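Proteins come first, then strands; the chains are lettered A, B, ... in the order of their sequence lines, and each starts at number 1. Predicted, not measured: the structure shown is a model, and the values here were computed from it.
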Protein chains: 2
Amino acid sequence: MGYWSYPGTMTASSSTPSAPSTASSPADTDWLRLDRQICFSLHAASRAFNGVYRVILKDLGLTYPQYLVMLVLWEYGDVPVKTLGEHLRLDSGTLSPLVKRLEAAGLVRRERSARDERSVQVRLTEEGAALRERALRVPRRIMGATGFDLAEITDLRERLDQLTTALDAAALTEAEREAAAEREAG
Amino acid sequence: MGYWSYPGTMTASSSTPSAPSTASSPADTDWLRLDRQICFSLHAASRAFNGVYRVILKDLGLTYPQYLVMLVLWEYGDVPVKTLGEHLRLDSGTLSPLVKRLEAAGLVRRERSARDERSVQVRLTEEGAALRERALRVPRRIMGATGFDLAEITDLRERLDQLTTALDAAALTEAEREAAAEREAG
DNA sequence: CACAATTCAGTTGTGCACAATTAAATGGGC
DNA sequence: GCCCATTTAATTGTGCACAACTGAATTGTG
């Protein structure tokens with residue numbers, strides 16, 4: 001089946017309940033149906049994952065993004081905010097308040113680097129380091145919640161990483177197309 | 001490979017840069033490493049997808065969740081807020097302000113149902129219905145951005161839906177476990 | 001009919017994501 | 001030494017996600 005094959009060939013037999021007043025060709029409708037299904041699936045999966053982590057992380061007192069930050073700290077030790085952002089692809093607008101909440105919870109300290117006053121080092125406290133012990137059982141529960149085995153999880157992860165790489169590259173070219181169109185107009 | 005096989009067998013050869021001061025067994029570290037990779041991958045993919053939609057939807061004046069709502073309206077016609085929430089798995093706390101923004105943009109009207117005064121019907125305006133024409137080219141650009149062909153996209157979608165179903169079910173059992181533990185303590 | 005339970009939208013509060021901006025610190029070129 | 005681009009956090013503002021709650025409307029049951 002070709003790259004741009006007509007999606008109607010896959011959904012033509014499906015029922016289209018209560019068509020809207022703005023009727024149009026099945027081809028158009030199916031493209032939008034397909035798009036709705038794809039982007040909704042990823043969106044829903046992301047939120048479902050978030051929901052399970054929310055439940056499981058509740059007794060650690062962490063949110064899902066906070067858990068991500070703690071994972072980086074447990075793995076790499078004390079790092080500057082900048083490095084956290086590189087590992088997690090988050091900017092300071094997200095990380096600054098998040099890390100402050102972790103500090104308020106007593107899990108980390110924030111210290112200006114003496115060597116470079118612009119940099120803020122995020123350091124685990126005793127309590128933050130100790131929390132790692134309780135976090136060790138989280139991955140097993142998560143994997144159990146997915147119903148996937150390790151091979152399936154790993155395969156899915158590789159596809160998602162591949163997708164992310166492609167999307168990041170495409171976002172740049174799309175942004176460039178945008179800029180080109182703007183130059184055209186301006 | 002067994003369900004709970006030791007992840008160290010996959011990552012034992014990988015370098016563990018600058019181990020933190022709280023050293024522990026490789027097994028523990030690898031579980032947390034794996035978890036970081038999996039949950040981060042999904043999180044990153046979701047945000048990358050969101051980012052591409054953000055760029056592509058910009059000239060339609062829609063955000064990604066707003067686009068999801070419009071897709072439902074274009075496909076099913078006028079629906080109550082409740083139905084929107086069922087299609088998109090979003091609650092009123094998210095949908096109420098979102099739909100109001102769509103109304104402020106002139107794309108929809110919100111009307112109390114005469115039959116059931118509790119229900120709010122969301123209706124496309126002329127402008128909202130017309131926007132569909134410009135949205136038709138979105139799916140093709142998105143699919144191009146992913147670098148995946150239709151079969152791969154469909155396969156990924158099925159896996160994600162399967163994952164979502166499992167996670168939703170697990171969230172309930174985890175919440176039930178939580179409640180049971182609470183009954184034990186209380 | 002009366003009353004309790006349910007349904008539905010809305011509001012409030014917390015937290016995340018990200019664009020845009022600000023401000024301080026740094027380092028290179030002159 | 002002095003300017004200037006760059007780097008780094010922080011701040012502000014907008015929008016989404018969701019829990020908890022409110023309040024009105026409806027429905028079921030006696």
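Taking atom CD on A/Gln121 and atom P on D/dA9, their separation rounds to 9 Å, with Å as the unit. A straight line from CD of B/Glu111 to P of C/dG10 spans 13 Å, rounded to a whole angstrom. Atoms CG (B/Asp91) and P (C/dG13) sit 17 Å apart, rounded to a whole Å. Spacing between atom NE2 of A/His43 and atom C1' of C/dA17 amounts to 12 Å, rounded to whole angstrom units. Remark: P of C/dT7 and CD of B/Glu86 are 11 Å apart, rounded to the nearest angstrom. Atom CD of B/Glu117 is separated from atom P of D/dG23 by 19 Å (rounded to the nearest Å). The interatomic distance linking B/Phe40 (CZ) with C/dA17 (P) rounds to 11 Å, in whole Å. Put simply, CG on B/Leu98 is 7 Å from P on D/dA17, counting in whole angstrom units.
Taking the side chain of B/Asp116 as heavy atoms from C-beta on, and the options D/dA25, C/dA17, D/dA19, the nearest nucleotide is D/dA25. Comparing atom distances between the A/Ser119 side chain and each of C/dT26, D/dA9, D/dA17 picks out D/dA9 as nearest. Comparing D/dA10, D/dC18, D/dG15 against the side chain of B/Gln66 picks out D/dG15 as the nearest.
Residue contacts shown for A/Pro80 are limited to sugar-phosphate atoms, with no base heavy atom under 4.0 Å away. Within 4.0 Å (heavy atoms only), B/Thr63 reaches sugar-phosphate atoms of the nucleic acid but no base atom. As judged by a 4.0 angstrom heavy-atom cut-off over every strand, B/Asn50 is placed among residues making no nucleic acid contact. B/Leu90 comes within 4.0 angstrom of the backbone, heavy atoms only, and of no base.
Across all strands shown, D/dG30 forms a Watson-Crick or G-U wobble pair, both distances under 3.5 Å, with C/dC1.
Ring-plane geometry between A/Trp74 and A/Tyr67 is classed as perpendicular, the angle between the planes exceeding 60 degrees on a 0 to 90 degree scale with a lower cut at 30.
For B/Arg118 against D/dT26, no side-chain N or O and base N or O form a donor-acceptor pair under 3.5 Å. The base of C/dG10 lies close enough to the side chain of B/Ser92 for a donor and an acceptor atom to sit less than 3.5 Å apart.
Contact of the B/Thr146 side chain with the B/Leu156 side chain is not registered, since no non-hydrogen atoms from C-beta on lie closer than 4.5 Å. A/Val69 is not listed as a side-chain neighbour of A/Leu90, based on a closest heavy-atom distance of 4.5 Å or more. Residues A/Cys39 and B/Ile142 form no side-chain contact, since every pair of their non-hydrogen atoms from C-beta on lies 4.5 Å or further apart. Side-chain contact between A/Val79 and A/His87: absent, with no pair of heavy atoms (C-beta onward) separated by less than 4.5 Å.
Between A/Arg112 and the phosphate of D/dA9, there is no side-chain N or O to OP1/OP2 separation shorter than 4.0 Å. Contact annotation: B/Lys82 does not reach the phosphate of D/dA25 (side-chain N/O to OP1 or OP2, under 4.0 Å). One finds a side-chain N or O of B/Ser96 lying less than 4.0 angstrom from the OP1 or OP2 phosphate oxygen of C/dG10. Note on A/Arg89: every side-chain N or O is 4.0 Å or more away from OP1 and OP2 of C/dC18. Neither OP1 nor OP2 of D/dA19 sits under 4.0 Å from any side-chain N or O of A/Lys58.
Comparing A/Arg47 and A/Lys100, the nucleotide of DNA chain D nearest to each residue sits closer to the 5' end for A/Lys100. Both A/Pro97 and B/Val120 lie close to DNA chain C; mapped to their nearest nucleotides by heavy-atom distance, the more 5′-ward contact belongs to B/Val120.
Donor-acceptor pairing under 3.5 Å is lacking for the side chains of B/Ser113 and B/Ser119.
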